[in-house]
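Chain naming here is simple, since letters A, B, ... match the order of the sequence lines and numbering starts at 1 in each.
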Protein chains: 2
Amino acid sequence: MCTALHLQESAGCISRRVRAGQNLYRQGEAQRSVFAVRSGSFKSTLTLAEGSARICAFPMAGDVMALDGLGSATHATTMTALDDAQVCAIERAPGGPATGPAFELSGHLARLMSDEILRAQRVLVLMATSSAQDRLGAFLMDLSRRHRAQGYSGRDFTLRMTRSDIGSFLGMALETVSRSLAGMHAQGVIEVTNRRVQITNLESFSKRYGTWL
Amino acid sequence: MCTALHLQESAGCISRRVRAGQNLYRQGEAQRSVFAVRSGSFKSTLTLAEGSARICAFPMAGDVMALDGLGSATHATTMTALDDAQVCAIERAPGGPATGPAFELSGHLARLMSDEILRAQRVLVLMATSSAQDRLGAFLMDLSRRHRAQGYSGRDFTLRMTRSDIGSFLGMALETVSRSLAGMHAQGVIEVTNRRVQITNLESFSKRYGTWL
DNA sequence: CGATGAGTTGAATTCATTCAATGTCGGTGG
DNA sequence: CCACCGACATTGAATGAATTCAACTCATCG
């Protein structure tokens, strides 16, 4: 895996706090840096000219944000903190779009960007081929995996986003998120208490939902 | 706009022909280069571990392919020619993932990659928020725009892919593609004869479907 | 020309949405 | 301290969009 750590280590990096609910940056703003998440979690929202919007990602510790704006030097999405968070700003070189030692694209950043492309494409497969409940299962599986990667349990975690956010991300109504959670509970694989999710039967759960992302 | 031209000009570039139906590369293969399309058109298919697949893009003249494999040095999708096509292979440096003069990521390639991320995210918004017919309309609009960018008509073009391909790309059954085309014809905005599409009422068409991508 | 893959169209079904009502959690102020 | 409020969440019932299954037609290419 390739995380934000390499970027943090490699270059001048300005630490910054963001309060829950605040925007780290807004769609359309000039972009001066990319950000690595140190702690907390975010949601990135993309709004089309037409007015419809969707949540594109839920970055958390170890993820890099704002890669989609590197080329155009403009933020493509709005990044909102779900928690009180701490980020690390990696500044752009003033001249070119991505030069300077902090932007040594040849190595890690190229991987980060192609991973980002791949991630989006995988979600697209998911959206195009599977049912609402399967999509939600894959989403929880992904969250579980990322929590584990951070050293946490992986079968007992707290959702930082609302049902509505999840629905926006997965392309379903918030009511369908609720019903799908209830459905998975009826299958005996998870336990849900408000925003706390416990995977009670990991074998069965990953058998059903684990093959996606 | 940033096209493949810059890459073709900048570096050693090996020309290559691909016949209709043949694969330029397959998912999982080691990646030795990225490709710029000179002529013809392609489809890229991503298959998940689970077995479900989706068409992720329809690259045509001016587009760059295989950016999603740059980081991992492995092709993330299978790229199939829809036409007899001509491509231009831009070789990877043997050592790092993307070094050497041909891979000057600092400039154009960074833009190409972030554009690719953005494109995938826009499609995701589309998939999550709009009806089958609106998605198809946006797709045709996108094709029209790309044809125009190549100096062609933009309101009279030929689809290179099957209804099934379109359905896979847009996340709908091939029958729904048919019905949506019929629906748009009933609205009086397009004329469809097999794979030829004519936009008969461009103002009305772009009013309905033009605000998406 | 026949054969085969591609495309259209109809009818029944299913999955998800929408609308609506109700329930729960956290904070804020009386 | 508790009541109240608003945001978040659950659940039910009706509706609707898209899929599935099926029959049939139309191109295209040996």
Closest non-hydrogen atoms of M113(A) and L67(A), given as atom of the first, atom of the second and distance, are CE-O, 3.9 Å

Show the numbers, then the answer: is there a side-chain contact (heavy atoms from CB on, under 4.5 Å) between M65(B) and V37(B)? CA-CA 8 Å; M65(B) 305 182 288; V37(B) 183; 3.6 Å; yes

Below 4.0 angstrom, N of the basic side chain to O of the carboxylate: do R146(A) and D142(A) qualify? yes

Could you tell me, to 10°, how much the axis swings from one end of the helix from dC1(C)-dG30(D) to dG30(C)-dC1(D) to the other, five pairs per end? 30°

For DNA chain C, determine which residues of residues 162-171 of chain B have any heavy atom closer than 4.0 angstrom to one of its atoms, and list them numerically. T162(B), R163(B)

Which parts of residues 176-184 of chain B get close to DNA chain D, meaning a heavy atom less than 4.0 angstrom away? T176(B), R179(B)

Do S41(A) side-chain atoms and M60(A) backbone N/O form a donor-acceptor pair below 3.5 Å? no

Once you apply a heavy-atom cut-off of 4.0 Å, does R195(B) come out as touching a base, just sugar-phosphate, or nothing? sugar-phosphate

Checking T176(B) side chain against M172(B) main chain: does a donor-acceptor pair fall under 3.5 Å? no

Hey, is the main chain of T80(B) close enough, under 3.5 Å, to the side chain of Q22(B) for a donor-acceptor pair? no

Strictly under 6.0 Å, is that where the ring centroids of F35(B) and Y25(B) end up? yes

What I want to check is whether the side chains of Q198(B) and T200(B) have a donor and an acceptor closer together than 3.5 Å. no

Exam field: side chain T162(A) to backbone D165(A), donor-acceptor pair closer than 3.5 Å: yes

Heavy-atom donor-acceptor pair, S144(B) side chain to G154(B) backbone, under 3.5 Å: yes

For chain A and DNA chain C, what are the first and last nucleotides along the strand, 5' to 3', with at least one atom under 4.0 angstrom from a heavy atom of the protein chain? dA16(C) to dC25(C)

For R122(B), run the side chain to side chain contact (heavy atoms under 4.5 Å, CB included) check against L118(B), L124(B), V125(B) and tell me which one passes. L118(B)

Run the ring-centre check on F139(A) versus F169(A) and record whether the distance is less than 6.0 Å. yes

Just grab all the salt bridge (charged side-chain N to carboxylate O under 4.0 Å, His left out) pairs involving residues 73-87 of chain A, residues at least two apart or on different chains. D83(A)-R160(A)

I need the CG-C1' distance between L174(B) and dA22(D), as an integer number of Å. 13 Å

Expected rows: protein N/O vs nucleotides 23-30 of chain D N/O, under 3.5 Å:
none

How many Å lie between CD on E175(A) and C1' on dA9(D), as a whole number? 10 Å

Nearest whole angstrom, please: distance from the C1' of dC8(D) to the CG of L82(A). 14 Å

Does the S168(B) side chain pair with the main chain of I55(B), one donor and one acceptor, at a distance under 3.5 Å? yes

So which atom in M184(A) and which in L140(A) form the shortest heavy-atom distance, rounded to 0.1 Å? CE-CD1, 3.6 Å

